[in-house]
Trainee: 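Here it is: the structure, laid out below.
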Amino acid sequence: MTPATREEASALDDKDPLARHKARFDLPDGVIYLDGNSLGPPPKAALARLQSTGEAEWRGGLIKSWNDAGWIDLPKTCGAKIARLIGARDDEVIVADSVSVNIFKLTAALCAKAPGAIAYHADEFPTDGYILQGLSNLTGSPLISLAPDASHGALYSDISVLVKSVVHYKTAAVADIAAWETAAQNHVAIIWDLSHATGVLNIDMQAAGARYGVGCGYKYLNGGPGAPAFVYVERRAAATLNQPLSGWMGHAAPFDFAPDYAPAPGVERFACGTPPILSLSALDAALEIFADIDIAAIETKAKLLGDLFLARCAALDLESISPPPSKRRGGHVSVRFDHGYEVVQALIAHGVIGDFREPDLMRFGFSPLFLGYRDVWDAAETLRNILETEEWREAKYSMRRKVT
Ligand SMILES: *Cc1c(COP(=O)(O)O)cnc(C)c1O
């Protein structure tokens, strides 16, 4: 039941088995952070790990730390931890590069194997489309931009690769992975962009028949600003793919310094250059948080927090573009308001941090490991105040900065 009072919200916090994890994050006082879907806050363990990686491993161990501190294996160790969150096997995920670069590598590898058109939805997260446009210019593969609401019936036979988000970055609508995979059969390879899904949704790639994916390390995984991303490729498929950024870290034996490229046996071939150890260390420590938590419980709580916020928004006559309580939803919600940018700035000034997405969307993420029901209640009350007093009209809130 959605709480109808602040007391009811507090009562839910008291019974919440996930509430204890809030203490594992280092959040500033007086902030209700509703942007964990965009940049997760620092786990205390990640901050400590940055310190020790710098001091003990880099300063103390110098180059020996590639072996002694396990640096060289971090892309795989982090990959195995992520694999458990998305229903993949430990050796099917590698951490490397950014989502953008990983989309390039994976799409190019799949197109080389099965030439044909590349498809994506027109309202997909922009970088996904930008990368595919660049790849299409480079290779001549036709590019098809599907209507936002195109269903799997649109997967006609000329398409060889589809890039598609599991959770839409604006609406938080969730794609039915298994249904798309069934429609794709074996003629379309679907690359699932798990950026807004990993760490908040209960995903089972193997059970859904999904063979390819990419995703983000800095959103719900809390790996830190610019944390590296990941690639998932099903074990058998990995051995058949040749990705074009054939750098030495994806080589079968990088330290043989052989003149010719020979890919590593599995998904490791999707690595390219030297891994960013400082970032990987923080991500590795951040991922430990998930070790003893049931991801299904995280999804359930994220949904209830979102339901509560949407109920409060409905009371303020704000229109939601996100799935209603009866439907599956990612961890965020978006509501419309003409002056959404200004309102979000006013909220931030009051310690409630969300973000704004063009043209008129106020977006709020409900990362359940550090947020409670009363936090969400209080955030909605702050929003109500700002709308009722029209405080957002103050000139200082309309100043646009580079990152929104
Ligand atoms: C956040 C996000 C990205 C980010 O890509 P980077 O190259 O890592 O900056 C890509 N796709 C989607 C769907 C995202 O939500």
Side-chain angles (χ1 to χ4, degrees), residues 34-41 75 78-79 82 85-86 93-108 118-135 145-146 148 161-175 177 180 190-201 203 205 210 212-232 243 245 270-273 275-276 279-280 282-283 286 302 321-322 329-334 354-358 361 363-367 402-404:
L34 306 184
D35 227 346
N37 57 309
S38 203
L39 173 65
C78 288
I82 293 171
L85 299 177
I86 61 169
V93 176
I94 185 113
V95 171
D97 303 316
S98 59
V99 173
S100 304
V101 172
N102 289 337
I103 288 174
F104 180 88
K105 293 183 291 190
L106 196 45
T107 310
I118 306 168
Y120 68 106
H121 291 277
D123 65 340
E124 189 53 84
F125 190 94
T127 201
D128 300 45
Y130 299 161
I131 289 290
L132 299 178
Q133 288 159 29
L135 182 62
S145 139
L146 302 170
V161 181
L162 169 70
V163 176
K164 186 174 171 61
S165 278
V166 171
V167 173
H168 192 273
Y169 79 107
K170 281 182 176 169
T171 64
V174 181
I177 302 178
W180 279 85
I190 306 181
I191 299 174
W192 291 101
D193 189 331
L194 294 151
S195 294
H196 267 91
T198 314
V200 74
L201 279 199
I203 304 276
M205 297 297 267
Y212 313 104
V214 296
C216 231
Y218 53 79
K219 290 174 177 159
Y220 292 101
L221 298 182
N222 313 305
F230 67 88
V231 181
Y232 155 71
Q243 65 102 348
L245 301 186
F270 281 88
C272 180
S279 297
L280 268 167
L283 175 62
I321 63 158
S322 296
R329 189 171 62 227
H332 64 274
V333 304
S334 292
D355 60 25
F356 171 76
R357 288 294 173 260
E358 293 286 357
L361 295 176
R363 189 176 69 161
F364 303 98
F366 302 99
S367 204
K402 263 193 191 165
V403 177
T404 58

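Source: prediction; values computed, not measured. Order of appearance sets the numbers: ligands from 1, and atoms from 1 within every ligand.
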Trainee: Under 3.5 Å, N or O to N or O, is Lys219 touching ligand 1 that way?
Mentor: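 So ligand 1 has an N or O lying under 3.5 Å from an N or O of Lys219.
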
Trainee: Report the residues that fulfil ring-ring contact (aromatic ring centres under 6.0 Å, His included) with His168, sequence neighbours left out, ordered by chain and then residue number.
Mentor: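 For His168, no residue satisfies ring-ring contact (aromatic ring centres under 6.0 Å, His included) once neighbours in sequence are set aside.
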
Trainee: State whether the shortest distance between N or O atoms of His196 and N or O atoms of ligand 1 falls below 3.5 angstrom.
Mentor: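 Between His196 and ligand 1 (N or O atoms, distance only) the closest approach is under 3.5 Å.
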
Trainee: Is there a side-chain contact between Arg363 and Lys170 in this structure, where contact means two heavy atoms from C-beta onward sitting under 4.5 Å apart?
Mentor: no

Trainee: What do we get for Thr127 next to ligand 1 when only non-hydrogen atoms under 4.0 Å count, side chain, backbone, both or neither?
Mentor: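 It is the side chain that touches ligand 1; the backbone stays farther off.
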
Trainee: Could you say whether the N/O atoms of Glu124 and ligand 1 ever approach to under 3.5 Å?
Mentor: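 Checking ligand 1 against Glu124, no N or O pair falls under 3.5 Å apart.
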
Trainee: Below 3.5 Å, N or O to N or O, backbone or side chain included: is there any such pair between Cys216 and ligand 1?
Mentor: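 No: no nitrogen or oxygen of Cys216 is under 3.5 Å from one in ligand 1.
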
Trainee: What atoms of ligand 1 come closer than 4.0 angstrom to any heavy atom of Ser165?
Mentor: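 Those atoms are 13 (C).
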
Trainee: Is a side-chain N or O of His332 found less than 3.5 angstrom from the main chain of Tyr169, in a donor-acceptor match?
Mentor: yes

Trainee: For atom 5 (O) of ligand 1, what is the closest protein heavy atom, and at what distance to 0.1 Å?
Mentor: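 Answer for atom 5 (O) of ligand 1: Val99 CB, 3.4 Å.
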
Trainee: Please examine the side chains of Pro75 and Leu280, heavy atoms only from C-beta on, and report whether any two atoms are closer than 4.5 Å.
Mentor: yes

Trainee: Who passes ring-ring contact (aromatic ring centres under 6.0 Å, His included) against Phe230, sequence neighbours left out?
Mentor: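 For Phe230 there are no ring-ring contact (aromatic ring centres under 6.0 Å, His included) partners, ignoring immediate neighbours.
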
Trainee: Would you check the N or O atoms of Tyr218, main chain and side chain alike, for any that come under 3.5 Å of an N or O of ligand 1?
Mentor: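 It does: an N or O of Tyr218 is found under 3.5 Å from an N or O of ligand 1.
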
Trainee: By number and element, which atoms of ligand 1 are closer than 4.0 Å to a non-hydrogen atom of Ser100?
Mentor: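 This gives 5 (O), 6 (P), 7 (O) as the contact atoms.
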
Trainee: Between Val333 and Phe366, is a side-chain contact (heavy atoms from CB on, under 4.5 Å) present by the stated rule, with each step listed?
Mentor: CA-CA 8 Å; Val333 304; Phe366 302 99; 3.8 Å; yes

Trainee: With backbone taken as N, CA, C and O and side chain as the heavy atoms from C-beta onward, which portion of Val101 lies under 4.0 Å from ligand 1: side chain, backbone, both, or neither?
Mentor: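 The answer is neither; Val101 stays 4.0 Å or more away.
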
Trainee: Do the non-hydrogen side-chain atoms of Trp192 and Lys164 ever get within less than 4.5 Å of each other?
Mentor: yes

Trainee: How far apart are the closest heavy atoms of Arg329 and Ser322, and which atoms are they?
Mentor: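 Where Arg329 meets Ser322 most closely, the heavy atoms are CD-CB, 4.0 Å.
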
Trainee: List every atom of ligand 1 that sits less than 4.0 Å from any heavy atom of Asp193, numbering the atoms from 1 in the order shown and giving each element.
Mentor: 10 (C), 11 (N), 12 (C), 13 (C)

Trainee: So is Ala229 touching ligand 1 or not, going by heavy atoms under 4.0 Å?
Mentor: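 Ala229 does not count as a contact of ligand 1 under the 4.0 Å cut-off.
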
